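Quick caveat, the model's predicted, so the values are computed rather than measured. Heavy-atom basis, side chains included; hydrogens, waters and symmetry copies ignored. In what follows, chains are A, B, ... by sequence order, proteins preceding strands, each numbered from 1.
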There are 2 protein chains.
Amino acid sequence: MADAGGPATIKAFEERLLEVSESLPKRLRQCADYVAANKDRIAVSTVAEMAEGAGVQPSAFMRFCQIMGFSGFSEMQRLFRETFVGGWPDYSTRLHHLREKAEDSPTALLAEFVEAGRASLESLLKTVDPHHLEAAVATLSKANMIHIIGLRRSFPVASYMSYAFEKMDVPAMLHSAVGRLDNRNAIRDGDVVLAITFSPYSVETIELVEAVSARGIPVVALTDTVVSPLRKFDAITLSVSEVDFGAFRSLSATLCLAITLSVAVGTARSG
Amino acid sequence: MADAGGPATIKAFEERLLEVSESLPKRLRQCADYVAANKDRIAVSTVAEMAEGAGVQPSAFMRFCQIMGFSGFSEMQRLFRETFVGGWPDYSTRLHHLREKAEDSPTALLAEFVEAGRASLESLLKTVDPHHLEAAVATLSKANMIHIIGLRRSFPVASYMSYAFEKMDVPAMLHSAVGRLDNRNAIRDGDVVLAITFSPYSVETIELVEAVSARGIPVVALTDTVVSPLRKFDAITLSVSEVDFGAFRSLSATLCLAITLSVAVGTARSG
DNA sequence: TATAAAATGGAATTTATAGTCCATTATGGT
DNA sequence: ACCATAATGGACTATAAATTCCATTTTATA
């Protein structure tokens with residue numbers, strides 16, 4: 001018990017957390033992880049709440065506090081309560097502050113993108129047609145193989161879905177057009193193409209869709225507006241209007257739709 | 001007690017406070033004044049502490065809470081505590097219902113992910129340390145070449161940043177570890193490594209960081225919590241706590257930070 | 001595989017805190 | 001100046017939360 005008082009600052013707390021978290025049994029590690037990801041909650045929660053969040057018993061959480069060097073939860077909580085008096089206003093005031101006060105600092109920029117992302121997410125629920133979404137899920141669920149194509153700015157979305165499908169044992173293939181290779185011969189009857197493209201639309205993607213569409217292969221499209229060139233082919237279209245800030249588009253809403261599709265298809269298949 | 005439930009938002013709370021404070025006896029007015037000046041303390045204080053701060057008896061403060069329309073102090077405090085944590089309530093239980101939701105209707109699932117994304121974005125503003133962000137931008141701006149590494153679930157983020165940098169003429173290279181190739185020899189003095197990894201952390205990424213860190217190459221890390229293994233090397237760490245659905249992570253917040261970094265670095269270079 | 005040690009879950013206990021009540025003091029009107 | 005009414009302070013009680021303890025399960029070791 002050389003450690004009379006636990007960490008006295010948040011920084012010391014984090015160091016101790018890191019140092020300790022290497023060698024921790026299962027439950028206590030859960031505590032460490034949850035705490036690391038939710039430091040702000042400590043100040044305003046009860047042990048019971050923290051324990052539930054971490055998925056452990058209150059007593060386990062207590063033990064964790066002691067390992068961190070505190071006498072108990074209360075003492076740990078005190079550290080966080082004290083350091084954050086004078087602390088944080090709510091989201092909107094904070095945002096306002098950042099925008100005005102810290103003009104053209106990276107943090108102000110972050111605030112702008114966060115706001116753009118939020119706006120995009122909000123409009124997502126409005127722009128996505130539930131029937132189209134259901135149709136897309138149904139089509140993808142029946143596919144023997146899902147061929148994902150998305151290049152340039154859409155590539156992150158395509159690779160994301162590819163990863164998600166793999167994790168859920170949904171047969172999917174990412175067409176990356178590396179070295180101008182064009183694997184369209186891999187696409188066979190019973191397969192489905194999932195095309196992702198946003199303005200300015202990659203010709204490769206459009207060409208691929210055109211080709212397979214002519215062969216009667218179903219196409220599900222993730223695109224932006226109603227004027228997307230993919231509309232011409234009878235694809236099931238899900239449109240996302242992303243609020244962009246400057247020339248750059250944060251893909252918040254698009255990825256949100258992507259994960260939804262992935263999970264929906266994954267469960268539909270296994271169910 | 002015509003007023004069954006008190007104010008439900010901070011805004012409503014402020015309005016009620018203003019409306020009420022006109023006609024208040026001495027002690028209760030003290031409460032009102034103190035609360036107005038110390039709203040943030042409500043979440044982390046006891047009645048006794050608040051009363052002392054306002055210079056009144058606890059019982060007087062209790063009466064004040066009731067006049068504000070709450071049943072007591074606890075109810076008033078709950079309002080502040082909830083708005084603090086932004087209320088992404090126990091996801092462990094939500095996760096259980098995720099499958100049912102997915103089968104139920106994809107739209108419900110979408111709503112769930114939208115909500116998760118919004119919560120993640122809000123907390124992003126809290127978790128990102130402005131100083132670290134500035135340091136990261138400064139370091140990346142001075143790099144001769146930015147080496148981006150991010151595998152598996154982090155790969156979409158890595159490829160996104162790679163694309164963004166390219167568009168802004170920032171010299172950057174995406175290390176994809178295709179075919180187990182390891183291009184670490186391409187990393188030279190004056191370069192900077194941008195590592196992106198989330199739990200469970202890819203060993204390849206950690207190994208790379210370890211290797212270059214030993215050579216004195218600066219590392220900027222995008223990771224999740226403070227217990228990330230990247231902390232051990234002295235990297236400039238930006239942590240994003242994203243809501244996880246089991247193996248699935250909606251990358252809304254992460255991408256938001258990614259685009260911010262990209263644009264900030266891009267402008268810093270050209271400016 | 002048997003045994004000891006560590007970790008865990010849950011109930012019991014203790015402590016702290018919110019909330020109530022009433023006697024006392026201040027205030028405003030006649 | 002007196003009375004009626006409202007406001008206040010402080011002690012008391014109920015409640016909810018933190019903490020501890022121990023029986024049970026799990027894990028590591030010989």
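Between B:R153 and A:Y160, the side chains place no donor N or O within less than 3.5 Å of an acceptor N or O (distance only, hydrogens not considered). Side-chain N/O atoms of A:R27 and A:Q30 include a donor and acceptor closer than 3.5 Å.
One interatomic measurement links the two molecules: CZ of B:F64 to P of D:dG9, which rounds to 16 Å at whole-angstrom precision. Rounded to whole Å, atom C1' of D:dA7 lies 17 Å from atom CZ of B:F61.
Within the structure, the side-chain hydrogen bond (donor to acceptor under 3.5 Å, both in side chains) test picks out the following pairs touching residues 223-235 of chain B (sequence neighbours left out): B:Y201-B:D224, B:T223-B:S228.
When every heavy atom of B:S176 is checked against every heavy atom of B:F155, the shortest pair comes out as CB-CE1, 4.3 Å.
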Open item on the list: Walk along nucleotides 7-22 of chain C from 5' to 3' and tag each nucleotide B, S or - by protein heavy-atom contact under 4.0 Å, base first, then sugar-phosphate.
Closed with: SBBB------SSSB--
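B:S252 places a side-chain heavy atom less than 4.5 Å from the side chain of B:E242.
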